[in-house]
Amino acid sequence: MLTEVHRLLEQAVQASDGSADALIELGYFLDTHRHEPTQARKLFEEGAAKALSSLEDAWTGLIRHLEMEKQISQALELSAKAEQLFPHSGRIMGAVTDARQAAVSAGILSPDAIDP
Amino acid sequence: MRCHMLIIGLIVFCLHGCRHTNSHVLPESEQEEGIRLKGSSASARIWALIAKGQFAEAQVLIAESSASGLIGKEMAERMLQRISVLSTKLSEIPARLQRVKDFPSQLKDFTLFEIKTMLDKNDFSLATQAQLQTARKLIEEQTRLMEK
């Protein structure tokens, strides 16, 4: 039965083109039932990287959405979190600086806050 | 649930890593910390210039900061990429996307930065808010797919 489960989990990774969830599930399986911690670690790392990439994509869209809907304080709140987690992301930094620009235009932030 | 826990655990790890780069391995020397702080403020200045559309100034600062090691090559590349995205004109998106109903063709020669500025300043003299927002989203989606 374990062999069958293993096969299905591998198939899920293939079919999903290496989605984060599929990689992580396979990682746990290999770690728990196959005692392959080295392989499991690689899968956890890859799964985490994919999940972070999805998060980067989602947060960029969300920050932009909040900015465009003029929900500036929420945009700023999320921007602070996003900047901490993704300081090297061009897309996140673009969205964050746009949100702060909008906050300055709306009179919520002073220009000094974004012009170091 | 397990997936959530692992991701949260890794996020906490990354956050910790971002703020204390080497503190659990070697103590950061004062000089290293000075460079790191200068680097992060150079970075912030560059992003601010880019957000204001001062691309020429930003590019000079990117080149200087990169040459002096204040910012890494990858970061410099991302900043330049962002400038390129903001300089993209609406006319540069694929032709098939320009044929949709209500496509704001009067905005064709404007860059993403110019369109965002009009939105920011509530300048609806050339196009309605909805048209400007559509134009912005079309250019951003196009460049998003290119950046992936």
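Just so it is clear, the structure is predicted and the values come from calculations on it, not from any experiment. Just so it is clear: chains get the letters A, B, ... in the order the sequence lines come, proteins before strands, and each one is counted from 1.
Residues A:K81 and A:W59 form a side-chain contact, since some pair of their non-hydrogen atoms from C-beta on lies under 4.5 Å apart. You'll find the side chain of A:D31 stays beyond 4.5 Å of the side chain of A:E36, heavy atoms only.
Close approach to chain B, defined as a heavy atom under 4.5 Å from one of its heavy atoms, is seen in no residue of residues 1-13 of chain A.
Using a 4.5 Å cut-off between heavy atoms, B:M75 contacts chain A through its side chain alone, with no backbone atom that close. For a residue to count as touching a neighbouring chain, one of its non-hydrogen atoms must lie under 4.5 Å from one of that chain's; by this rule A:E83 does not touch chain B. B:K121 does not touch chain A: none of its heavy atoms, backbone or side chain, sits under 4.5 Å away.
For A:R41, the CZ atom sits in a loose shell: 12 or fewer heavy atoms of surrounding residues, nucleotides or ligands are nearer than 6.0 Å. Residue-environment remark: NE2 (A:H88) stays at or below the threshold of 12 foreign heavy atoms within 6.0 Å. Taking a 6.0 Å sphere around CG of B:N122, one finds it holds more than 12 heavy atoms contributed by other residues, nucleotides or ligands.
Here the shortest heavy-atom pairing between B:D120 and A:A102 reads OD1-CA, 3.7 Å.
Look at B:E141 and B:R144 and you find a salt bridge, because one of the NZ, NE, NH1 or NH2 atoms lies within 4.0 Å of a carboxylate O, short of that distance.
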